[in-house]
J.: 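Quick one: the structure is below, and I'll ask about it shortly.
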Amino acid sequence: VLVVGASSGIGRGIALALAQAGAVVAAAGRRVRALEELCEELGPDHVAVECDVRAPDACETTVDRTVAALGGLDDLVYAAGVSRLMPLINADSDLWHEVLETNVIGASLACRAAFPRLRASAGRAVFLGSSSVGRLFPGLSAYAASKAALNELICGWRTENPDVSFTNVIVGPTTGTEFTSQWDPDLATQRFRFWERHGYLSVAASMDPSDIGDVVCAAMTSPAWMWSVAVHACDSAAEPAIR
Ligand SMILES: NC(=O)c1ccc[n+]([C@@H]2O[C@H](COP(=O)([O-])OP(=O)(O)OC[C@H]3O[C@@H](n4cnc5c(N)ncnc54)[C@H](OP(=O)(O)O)[C@@H]3O)[C@@H](O)[C@H]2O)c1
């Protein structure tokens, strides 16, 4: 399995869960040291592959390196993503390019590069959507727009290629990631106060990356194809994680 965006957070959790379930993982992303540390934790067969999805031909090169290192490629997980906290009035062209190139265009190019392998192995592609689509947080509109576009992109891949499985794992708030690491601290404090005051933070509980890893494993191994799975934190430990 190639996991793009495995150097931190949810992608890292997915790589750990897949390896534990018996998969051999190619962990891709820009931060090679973090990927190598992950592979040391995963065990001897797993490989780190440097990949910046925004660079020309990066996805093709990443798939080629994965196939060379692992001897093949069956499945793809696209976990790469960036969130930028910025009101639209201040969102410039650079911000839009970064968000759309990483969250949408990179997803399609990675899928395109892996696609012949996925089809040949009856493999699966899994993407990470966001529960913020349709109920976006003010200040995260560019991010939500990119995830709305990702939803349609996944439908497009599925509609054009009905013989391959494409899963949208729609994720709710998840901690233990670097999702907010690029946010300006003052703007973040101000936004959190606003979100709290206006009821955007009504979901008190959050998940951790291993919760999402378990769901991706289920999507990879289920006899039925999962087109879309919404994953939210349990309100009580007794409740199931998938609703
Ligand atoms: N955390 C949440 O609450 C939440 C909720 C809903 C959906 N999600 C989605 O879950 C996914 C993972 O997010 P996260 O919360 O785990 O955040 P994270 O810790 O920041 O992980 C993002 C990953 O994307 C990779 N990435 C970013 N730009 C890249 C590029 N140009 N080329 C290759 N890889 C790139 C990063 O690796 P490098 O920096 O090493 O390249 C990192 O591994 C994202 O798609 C996010 O939208 C998260």
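Whatever order the structure lists them in is the order used to number ligands and atoms, beginning at 1. The first residue of the sequence shown is numbered 1, and numbering continues consecutively from there. Excluded from the calculations below are hydrogen atoms, water molecules and symmetry mates; all remaining heavy atoms, backbone and side chain alike, are included.
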J.: Looking only at distance, does Ser131 have an N or O less than 3.5 Å from an N or O of ligand 1?
T.: no

J.: Inspect the contact between Arg30 and Glu50 and indicate whether a charged nitrogen and a carboxylate oxygen are less than 4.0 angstrom apart.
T.: no

J.: Which protein non-hydrogen atom lies closest to atom 21 (O) of ligand 1, naming both residue and atom, and how far is it?
T.: Ser8 OG, 3.3 Å

J.: To which protein heavy atom is atom 6 (C) of ligand 1 closest, and what is the distance rounded to 0.1 Å?
T.: Val171 O, 3.2 Å

J.: Please write down residue, atom name and distance for the protein heavy atom closest to atom 33 (C) of ligand 1.
T.: Cys51 O, 3.2 Å

J.: Describe, in one word, how the ring planes of Trp183 and Phe192 are oriented to each other, choosing from parallel (under 30°), tilted (30 to 60°) and perpendicular (over 60°).
T.: tilted

J.: Check whether any heavy atom of Gly172 sits under 4.0 Å from an atom of ligand 1.
T.: yes

J.: With the threshold set at under 4.0 angstrom, would you say Glu101 reaches ligand 1 through any of its heavy atoms?
T.: no

J.: From the options Arg54, Arg12, Lys147, Arg30, select the one whose nearest heavy atom is closest to atom 29 (C) of ligand 1.
T.: Arg30

J.: Give a yes/no verdict on whether any heavy atom in Gly129 is under 4.0 Å from an atom of ligand 1.
T.: yes

J.: Could you check whether Arg12 pairs with Glu41 (Lys NZ or Arg NE/NH1/NH2 to Asp/Glu carboxylate O, under 4.0 Å)?
T.: yes

J.: Taking 4.0 Å as the limit for heavy-atom contacts, which would you say applies to Ala79 with ligand 1: side chain only, backbone only, both, or neither?
T.: backbone

